[in-house]
Every structure is written in C-alpha cells, then in structure tokens.
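Following: one structure in structure tokens, then a few remarks.
Below, chain A is the first sequence line, B the second, and so on; all start at residue 1.
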Amino acid sequence: MARILVQDAAFDLAAETASLSAGRIDVGAVASFLGICRGDDGLTALVLEHYPGMTERAIGRIADEAERRWPLTGCTVIHRTGRILPGEPIVLVLTASAHRAAALEACAFLIDWLKTKAPFWKREEFAGGSHRWVEAKGEDDLAASRWTGAA
Amino acid sequence: MARILVQDAAFDLAAETASLSAGRIDVGAVASFLGICRGDDGLTALVLEHYPGMTERAIGRIADEAERRWPLTGCTVIHRTGRILPGEPIVLVLTASAHRAAALEACAFLIDWLKTKAPFWKREEFAGGSHRWVEAKGEDDLAASRWTGAA
Amino acid sequence: MRVLYFAWLRQKVGIAEEDVAPPAEVRDVAGLIRWLAARSAAHANAFADPRQVRAAVNQDFATPEHPVAANDEVAFFPPVTGG
Amino acid sequence: MRVLYFAWLRQKVGIAEEDVAPPAEVRDVAGLIRWLAARSAAHANAFADPRQVRAAVNQDFATPEHPVAANDEVAFFPPVTGG
C-alpha cells in the first residue's frame, strides 16, 4: 500500500527513506527521485495547482500499477502544491524492493506517469511580475508511453 | 567532478542529497539508489573487502563515464566496507541534473557498473558461524552490458 | 451537475466552479463543452481551442465521448504539468 | 613485483601480499599465475580454477595476456561482488 501525500509543506527526505526499511531485513534497495524547482530565465516561483480528491486518486492508481508491475516492499509519493521557490523540492518518489532493478524501474515509471497522469498544473512567475502556465511537453508523453506494452 | 567515498562509517543521506543542490538553482532532479543489507536465510552480517587505491580509481572512472554520457550537475558515490548488519546501508549513488531522465539513467548506470567494475567482495556470515563468499551473478553482467553500445 | 475549472481555464472562465443544469440533449463531454461555451464570452474564450482542454468526469480522465449526467462532477483543465 | 590477493584467494594463499621475483620467462598474467601456482600447495589450491580468478595490473583490470614487469603491482581476486 503506497504512502501518498499532497501537501503545501516541505517533506523530510531522510525520514521518508528510513521508514521504508525501518525494522525490516527484506529491503535491499531504495530508489528515489527528487524533483526540484529550477530558476531558469529569471523564474522567481512556481505555483502548483491541483484537483483535490482526484489528485490522490490518480496517484493511488499510478502507485497501484507500479506495485502490480514490480515486487515492491514499499512506495512513497509526496507532491507539493502551492508556491515553491527555486531550489526547493517539488516532488519525491521513493520505491523499495528486495532487488535494485525493481526499485529503479518502478521509480522511473512513477515519475514518468505522475508527469502525464496526475492533475497538477504549474504556473511560472518571473522577475518583473510576468507569469505563464507551463505547457505540457511531448517528451513527457513519450517518456510515459515507453511503459505501455513493455512491462 | 564526482564525490567518491569508500569508508567503513555510515553516511548521511539527507546531507549528501542536499549538498548536490545547495546554493544553486540549475538542479531540477536528484536520483538516488540506496543499497541495503538484507537478512535472507539467517544472514547475520556482510563483511565487505575491497582493494584500497584501485577501488577509488575504478569508481572514479565509472563516474567519469556517467558524466561523459549524461549532463550531470553532480554525482556522489559512497560505498561502505567492513562489517555491515542486516538493515544497514551498503552503498549510496546520487546523481543530479537539470532534467529527470539524465539523473535517473545515470543513477541506474552507476549502480550497474559498480556491481561489475569496482573491486569489492562480499562475505556473508550466518547464524551458527558458517560463512561464504558471495558469487558474482550473471544477471549483474547482463545489467551492466545493457549500457554498452546504446548510450 | 457540478463543473470545475483548473489552471488557465479557471482564469479564463473567471470562476473555479459552478452548478449547471444543461438540457437533456447534452449527453457527453463534447456536448457539455459546446453548451458551456455558449454561456458567456468568458466561457467561449476558455473553450476556444478544444484541443487544449482535457476533462475528468467524477475524478477520472474522460474523453469527449464520455457520457455526463445530472449528478456528475465534471472538470475541465489544460494538459497536466506536475512532477 | 608486488602480488596482492583478495577475498577467497587471500584466504586460500594464506597471505594478503608478497614480493616476488619471477624469472624473465614470466611475461604476462597467465605466466605469472602458472609460476605462482608452483610456489606452494596453498598457491596451487588458490589458482586451481583459473576461470574463477580475475587480475589487475597496477590497479587496472587485466586480461591473462596482459604483460607483467618487475615493478608492477599485480592483484588476484574472484569476480567482484560490490554494490
């Protein structure tokens, strides 16, 4: 059962990682992906909007799919919302398994699918007061599609 | 330039991760792999031996290769040696980049190559006093070989 | 029927949600979009390029052909950009 | 020439390292293995199955055909199992 959090607050990477193997001796691998806000082109903040209710449901389904495809001993997805500054974390994906391939592949799968199948929208704010909504990238659809058919 | 440590001591995952993006706004992704000692079949400890001098050199070459293949903003490899108990970390690989694909792929590459190209040897100790040297796995050679030719 | 708007669709329509009672001939997501677009200039502007609009019915992604009914929660938004 | 042994090769030979002066006809890793295996029963036992033995010359992995010279550091060990 995946641990899924959608929250404005920051998260504790070390505590989240430790909790996936605490008190057990069957976990041989923990893979993680940490997404961080970049400050390209004078970006001063990202504002992340989401669809409360659907977001948790969508992430839950993505995590279920990961657990169906790989023998995971644990899985954590934390996605922040609200205003995030350059250098601050946006998203954390953690996957644990007995063996490394399952953890690494499931982690890459989760972040690829999160990018294309979870209802979040990013607005970029720039120095000078301008802002724009981030447009979806074709390369994200491509990354997500590589998990279809294969598995 | 990669940060490479071969040490008996434990490491600080949160501090190592934070140091890859501290004070900079060009890092969008940090991928990590944490290898942990499992307690299968009554294993009571792993004893990790290595070849001082060659180990750091071999890991440095693997990290150079990762930095040649992917646009990394940072790369950290910490491999413990000595006696490690079930549940304790053995190895940490961290890769940072502007974008997620580079970080994720470089992280998987580094752990695959570490398994087959760095001079470490594991001895397993079991309840009752028996012990055995871990044998190299064909699947590890296979995993490492998938990075040859492609890139 | 409850209709929700997110991201630039919310900004263009000018509201985050509204309760609507479309006529019986509005049977699917595409029909609902056409009906909503006729409600105001702001709605028309938000739905001007349907290729940029995605929908969810009862919190699941839905195609234009997906049926909609009186008690549904229907959301409209641009392609997602999380992660 | 300094010779190092690791893991079960070290245990079988019974020492971690030794300084040796092989004759001039020992020119490569394979020749060194044959010469070392003749030094003692422990050496012979360690090198009994050459397919299980890997080598490094001056801290780089080396094939059986790799040359060895008087000032080299040559190490023998089983296939690596780190990570």
Side-chain angles (χ1 to χ4, degrees), chain A residues 11-18 20-44 46 73 85-101 103-112 114-115 137 139-140 142-143 146, chain B residues 11-18 20-44 46 73 85-101 103-112 114-115 137 139-140 142-143 146:
Chain A
F11 44 78
D12 183 335
L13 171 69
E16 294 294 342
T17 306
L20 286 174
S21 63
R24 49 198 301 176
I25 57 170
D26 59 337
V27 179
V30 178
S32 86
F33 177 82
L34 180 67
I36 298 170
C37 176
R38 293 199 314 278
D40 300 352
D41 305 324
L43 181 138
T44 52
L46 273 184
T73 57
L85 305 181
E88 290 184 349
I90 302 169
V91 60
L92 175 67
V93 173
L94 287 168
T95 50
S97 182
H99 301 287
R100 78 183 184 286
L104 288 165
E105 289 172 19
C107 183
F109 167 86
L110 280 162
I111 188 64
D112 280 350
L114 269 177
K115 288 246 174 202
K137 290 190 208 122
E139 66 192 72
D140 286 337
L142 195 67
R146 74 190 162 117
Chain B
F11 44 78
D12 183 336
L13 171 69
E16 294 294 343
T17 305
L20 287 174
S21 63
R24 50 198 300 177
I25 57 169
D26 60 337
V27 179
V30 178
S32 85
F33 177 82
L34 180 67
I36 299 170
C37 176
R38 292 198 316 279
D40 300 353
D41 305 324
L43 182 139
T44 52
L46 273 184
T73 58
L85 306 182
E88 290 185 349
I90 302 169
V91 60
L92 174 67
V93 174
L94 286 168
T95 50
S97 182
H99 300 287
R100 77 183 184 287
L104 288 165
E105 289 172 19
C107 183
F109 167 86
L110 280 163
I111 187 65
D112 279 352
L114 269 178
K115 288 247 174 200
K137 290 191 208 119
E139 66 192 72
D140 286 337
L142 195 66
R146 74 189 162 117

Look at [options] and state which one has the largest set of heavy-atom pairs under 4.5 Å with chain B.
| options | answer |
| --- | --- |
| A:D12, A:D40, A:L85, A:I111 | A:I111 |
| A:K115, A:E88, A:R24 | A:K115 |
| A:A29, A:P86, A:A14 | A:A29 |
| A:A31, A:G28, A:A108 | A:G28 |

Applying salt bridge (charged side-chain N to carboxylate O under 4.0 Å, His left out), name anything that partners B:E16, two or more places apart in sequence or on another chain.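 Partners of B:E16 under the salt bridge (charged side-chain N to carboxylate O under 4.0 Å, His left out) test: B:R3.
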
Quick one: what part of A:S32 sits under 4.5 Å from any heavy atom of chain B, side chain, backbone, both or neither?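 Its backbone and side chain both get close to chain B.
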
If the test is side-chain contact (heavy atoms from CB on, under 4.5 Å), which one of A:T17, A:L20, A:V27 qualifies with B:L34?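 Among A:T17, A:L20, A:V27, the one that satisfies the side-chain contact (heavy atoms from CB on, under 4.5 Å) with B:L34 is A:T17.
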
Taking 4.5 Å as the heavy-atom cut-off, does anything in residues 92-101 of chain A contact chain B, and if so which residues?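 Residues in range: A:A98, A:H99, A:R100.
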
Under 4.5 Å from any heavy atom of chain A, what part of B:D112 do you find: side chain, backbone, both or neither?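 Both parts, heavy atoms under 4.5 Å.
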
Quick one: pull up [atom1] in [X] and [atom2] in [Y] and give me the separation to the nearest 0.5 Å.
| X | Y | atom1 | atom2 | answer |
| --- | --- | --- | --- | --- |
| B:L13 | A:L13 | CG | CG | 5.0 Å |
| A:I36 | B:I25 | CD1 | CD1 | 12.5 Å |
| B:T73 | A:R38 | OG1 | CZ | 10.5 Å |

